[in-house]
There are 2 protein chains.
Amino acid sequence: MSESDTTREKIIDAARERFSHYGYPKTTIAELADDCAMSPGNIYRFFKGKIDIAVEIARREALSAVEVIEAVLDCPVRSSRQRLEEVVFADLRYTFHLLENRPKTLELAQIVVSDRPQFQIESLRRERRVFQRILHEGQASGEFFIENVASTTIALHAATTKYRYAQLFTNQTLAELERELAHVMTVIMRGLMPAKDGKPVAETIIPPEEAGQLANVS
Amino acid sequence: MSESDTTREKIIDAARERFSHYGYPKTTIAELADDCAMSPGNIYRFFKGKIDIAVEIARREALSAVEVIEAVLDCPVRSSRQRLEEVVFADLRYTFHLLENRPKTLELAQIVVSDRPQFQIESLRRERRVFQRILHEGQASGEFFIENVASTTIALHAATTKYRYAQLFTNQTLAELERELAHVMTVIMRGLMPAKDGKPVAETIIPPEEAGQLANVS
DNA sequence: TCAGTGAATAATTTATTGATTGTTCATTTT
DNA sequence: AAAATGAACAATCAATAAATTATTCACTGA
């Protein structure tokens, strides 16, 4: 790692610390420079402007959020259905706890999005790719019956909108949201899977929250 | 109608006019009093405070919005499925055009909700009742197969969250949203209706926009 | 040449003040 | 007695001044 890379990281670390403690607006470039034992001017050799530091932090945050969701893919499960349900519930829980425990993270994301609308579009796209992979697998294994995987992915993602950063829409508790999401998933799963012997697919069971799943949100 | 009722209506009319033209914050009680040829003090014999005038206007707006949606129920259609789809699309279109043509209406609603959170909860509940009626009908006629109508109503309503005041979530065009919603409804309908002869239910077709449907939004 | 500086400046935020507005109520009118 | 008034007062807003901050850049030391 080159010298200038570690300097850049030092700035990011200092910014992460201050942004999460005091928020983006109340953090000054002079403070970041102090933390890194350098002059304000030098910061601008690594970032075009203050907002770009926030963009970089939010970008990493978004990537690690998708990783949390993707981690669910790695654990062995019995079916694509279970995979899909676990990913959707993980999404609800991860974003819920994020807003609960680290409200400044949302604030930062909102500031970034208001300045760079493309940021949100790309974050959503990354998330959809996870969904798409699962649908594709389920399709290939014959578990799902899906005519058009691409458009069904979009539908699934849109139908679960309320369960991403749910506190922005409602003040329901997490338990209430989980119950609700189970109903949504029940309907969706019945839409994706053929009925067996004339009986519709069983209801979605709320998956248990894995212990390690939310390690980096505390 | 009593004298004091008509006075109250005069105030509401004046407020509606000014709120929609200049917005709630820029409208003063003195102006409303002027419009009604009365003194500021007299307004307070009819409303506890300025915000209560806004609440009353928003309440009526919300009721007439549900009426627009309910109007779809009155026209004869071939199936519960079609009813459901028309209601959901009407909701998307109505709220979309509302934000496009009368942004002050949203502003007012947001001001009311921030002061009276219960307002939003009740509006959503009213809307859900329309959904529930359709599901119930479809269930009774045997067209839908629904184990629990109440929880399925909640699921349906939650899954279509993105298509109520869609511009708050995305900057997609109405046409894009309609295409997306069709995909969502396709999955949901397959979840509600049993497959025929092993073939899944047909895809949702975007219903044509009725001419008279949006009369009071222009 | 490269990494870094810090004073100068432009842009933004905050504080202050004066003006406007929401609300009340003792009083007047009908 | 009911309906309405308008002056008084507290709360809020708008305008401006003052202070702070983001950003630039000519310059310094390795």
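All values derive from a computational prediction rather than experimental measurement. In what follows, chains carry the letters A, B, and so on, assigned in the order in which the sequence lines appear, proteins first and then strands, with residues in each chain numbered from 1.
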* Look only at the side chain of A/Ser64 and the backbone of A/Glu67, and say whether a donor-acceptor pair between them is shorter than 3.5 Å. =>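 No; judged by distance alone, with no hydrogens or angles, the pair does not exist.
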* Any donor-acceptor pair under 3.5 Å linking the side chain of B/Gln167 with the backbone of B/Phe96? ->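 Present.
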* **Salt bridge present between A/Arg116 and A/Asp52 (N-O < 4.0 angstrom)** =>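 Salt bridge flag = yes for A/Asp52 with A/Arg116.
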* Asked: In terms of side-chain geometry, is the basic nitrogen of B/Arg133 or B/Glu127 positioned less than 4.0 Å from the acidic oxygen of its partner?
  ->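 B/Glu127 and B/Arg133: not salt-bridged.
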Counting side-chain heavy atoms from CB outward, which of [options] is closest to [X]?
| X | options | result |
| --- | --- | --- |
| A/Asn42 | C/dG22, C/dG4, D/dA22 | C/dG4 |
| A/Ile29 | D/dA22, D/dT5, D/dA3 | D/dA22 |
| A/Phe46 | D/dA22, C/dG22, C/dG4 | C/dG4 |
| B/Arg45 | D/dT21, D/dA3, C/dG22 | D/dA3 |

Distance only, no hydrogens: is a donor on one side chain within 3.5 Å (strictly under) of an acceptor on the other, for [X] and [Y]?
| X | Y | answer |
| --- | --- | --- |
| B/Thr204 | B/Glu85 | yes |
| A/Arg16 | A/Ser20 | no |
| A/Tyr163 | A/Glu180 | yes |

* In degrees, rounded to 10°, what is the bend between the two ends of the helix from C/dT1-D/dA30 to C/dT30-D/dA1, using five pairs at each? ->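 The two end axes of the helix from C/dT1-D/dA30 to C/dT30-D/dA1 meet at 10°.
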* To do: Taking only the side-chain nitrogens and oxygens of B/Tyr44, find out if one of them lies under 4.0 Å from OP1 or OP2 of C/dT23.
  =>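 Looking at the OP1 and OP2 atoms of C/dT23, one of them is under 4.0 Å from a side-chain N or O of B/Tyr44.
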* When the aromatic ring centroids of B/Phe169 and A/Phe169 are compared, is their separation below 6.0 Å? ->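 Yes: the rings meet the under 6.0 Å criterion.
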* Looking at A/Tyr24, does the NZ or CZ of A/Lys50 lie under 6.0 angstrom from its six-membered ring centre and within 45 degrees of the ring axis? ->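 The answer is yes; both the distance and angle limits are met.
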Whole-Å distance separating the [atom1] atom of [X] from the [atom2] atom of [N]:
| X | N | atom1 | atom2 | result |
| --- | --- | --- | --- | --- |
| A/Ile43 | D/dC25 | CD1 | P | 18 Å |
| A/Asp34 | C/dG4 | CG | C1' | 15 Å |
| B/Phe47 | D/dA4 | CZ | P | 14 Å |
| A/Glu31 | D/dT21 | CD | P | 7 Å |
| A/Tyr24 | C/dT12 | OH | C1' | 12 Å |
| B/Met38 | D/dA2 | CE | C1' | 14 Å |

* To do: Spell out protein contact along nucleotides 7-16 of chain D as letters: B when the base is contacted, S when just the sugar-phosphate is, - when no protein heavy atom is under 4.0 Å; keep the 5' to 3' order.
  => -------S--
* Asked: To the nearest 0.5 Å, how far apart are CG in A/Leu92 and OG1 in A/Thr160?
  ->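 Rounded to the nearest 0.5 Å, the CG-OG1 separation comes to 10.0 Å.
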* To do: Give me the residues of residues 10-20 of chain B where at least one heavy atom lies under 4.0 Å from an atom of DNA chain C, by number, or none.
  =>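 Going residue by residue through residues 10-20 of chain B, none turns out to have a heavy atom under 4.0 Å of DNA chain C.
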* To do: Walk me through it: do B/Lys104 and B/Leu108 pass the test side chain to side chain contact (heavy atoms under 4.5 Å, CB included)?
  => CA-CA 6 Å; B/Lys104 297 284 185 206; B/Leu108 196 73; over 6 Å; no
